[in-house]
Amino acid sequence: MNDRTDLADLATPSALPSTPDRPLLVTGATGVLGREVLRHALATGRPVRALTRRTALPADADTRWHTGDLTAGTGLDEAFAGVDAVIHCASDPRHPKNDLPAFRHLLAAARRAGVRHVVNISIVGVDRVPMAYYRIKLQGEQLLAGSGLGWTNLRATQFPQLLDGMLRPLAKLPVLPMLSRTPVQPVHPAEVAARLVELALGDPVGSAADFAGPEIHPATDLAADWLRARGSRRRVLPLHLPGRAGRLLREGALTSPGHACGTRTWAEYLAER
């Protein structure tokens, strides 16, 4: 079930209407995307809950925080009780295999609680690029599609913060290595967050249209811009990635040219930083 159309065909619209007095629940609410989702969710005026593994909960009068561990499946039922929609932003890139048991526990808790709608964030290219983390994200999409719940899956392109985090350690080298002839289309997480909240308030749609940034740049150009913004005189070293993965990246597997929904550019991100 690697074809996107197959996933869309499995969408299960819920018979339950969205109810304004039922909460939205955000997982991964302390992360880069999750914090933005939380902010946009609060702006709707709906009750908002947030799930975290931390036992010391934030002192936030507007958000009802819950301690729970998706990987272990503990502390979830109280957080999910009475929830209208879940926006799932939690992920563990350092231990990506944890994402699948975490997703299974989330879906089981959502079924027990009668959640109307589960909205998941994924990545453009997970069905094309043969990377371990992408394969796990694709398996998560398939778990969602087969869950029997009302669901929506949104694929987005890369966040500037991800590129920034990748470039920082590389910038310690005499030259900054970067993939050659590889187009990238960064999108601001705040804009993706607004779209996730919009989707969560609506009916489940299955596979939503991609959400990509406003501009496509060669990765080497982004790296050079980043160095200039830091006042660095280091040079970018273009590297050719061989094999199927490299070919797909050069063909634009990380981009979605027809879905340039974002407006905030890479240059604006660098200026803000």
Side-chain angles (χ1 to χ4, degrees), residues 4 8 24 26-46 48 85 87-89 91 93 117 119-129 134 137 141 152-168 178-179 181-230 236 249 251-273:
R4 194 103 186 259
L24 302 176
V26 182
T27 72
T30 59
V32 169
L33 177 62
R35 290 194 299 269
E36 293 289 351
V37 170
L38 199 60
R39 182 170 66 86
H40 283 278
L42 289 167
T44 68
R46 298 279 293 263
V48 176
I87 304 175
H88 182 42
C89 303
S91 185
H117 192 183
V119 179
N120 179 56
I121 183 64
S122 189
I123 308 168
V124 167
V126 292
D127 54 344
R128 297 184 62 194
V129 180
Y134 277 29
K137 295 296 285 186
E141 291 185 0
T152 297
N153 187 74
L154 178 67
R155 290 179 182 171
T157 51
Q158 286 68 36
F159 297 155
Q161 289 86 344
L162 174 68
L163 299 173
D164 187 75
M166 178 180 68
L167 291 168
R168 284 180 182 274
M178 184 50 59
L179 296 178
R181 296 185 291 119
T182 299
V184 184
Q185 193 175 3
V187 65
H188 201 286
E191 296 184 309
V192 177
R195 179 58 176 151
L196 287 169
V197 172
E198 179 184 32
L199 289 168
L201 296 177
D203 292 331
V205 300
S207 294
D210 292 344
F211 199 100
E215 299 173 341
I216 298 177
H217 302 272
T220 48
D221 286 2
L222 294 182
D225 292 342
W226 186 87
L227 286 171
R228 281 193 295 270
R230 291 169 60 88
V236 176
L249 292 177
E251 290 175 355
L254 298 181
T255 67
S256 189
H259 298 96
C261 306
T263 62
R264 299 173 71 174
T265 66
W266 173 246
E268 288 174 327
Y269 170 76
L270 292 177
E272 292 168 359
R273 302 291 284 185

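A distance-only check finds a donor-acceptor pair linking the side chain of His40 to the backbone of Ala190 [under 3.5 Å].
Here Pro218 pairs with Thr220, Asp221 under the side chain to side chain contact (heavy atoms under 4.5 Å, CB included) rule; sequence neighbours left out. Every residue meeting the side chain to side chain contact (heavy atoms under 4.5 Å, CB included) condition with Ala85, not counting sequence neighbours, appears here in chain and number order: Leu24, Arg116, His117, Ala200. With sequence neighbours left out, the side chain to side chain contact (heavy atoms under 4.5 Å, CB included) criterion links Arg273 to Asp164, Arg168, Tyr269. Here His188 pairs with nothing under the ring-ring contact (aromatic ring centres under 6.0 Å, His included) rule; sequence neighbours left out. Qualifying side chain to side chain contact (heavy atoms under 4.5 Å, CB included) partners for Ala260, counting only residues two or more places apart in sequence or in other chains: Gln185.
For residues 193-202, the salt bridge (Lys or Arg N to Asp or Glu O under 4.0 Å) pairs, not counting sequence neighbours, are Arg195-Glu198.
No side-chain heavy atom of Pro214 sits less than 4.5 Å from a side-chain heavy atom of Thr263. No side-chain heavy atom of Arg155 sits under 4.5 Å from any side-chain heavy atom of His259. When side chains are defined from C-beta on, Val192 counts as touching Leu154, because their heavy atoms get closer than 4.5 Å. Between Trp266 and Leu163 the shortest side-chain heavy-atom distance falls below 4.5 Å.
With rounding to the nearest 0.5 Å, the separation of CG in Leu227 from CG in Leu167 is 7.5 Å.
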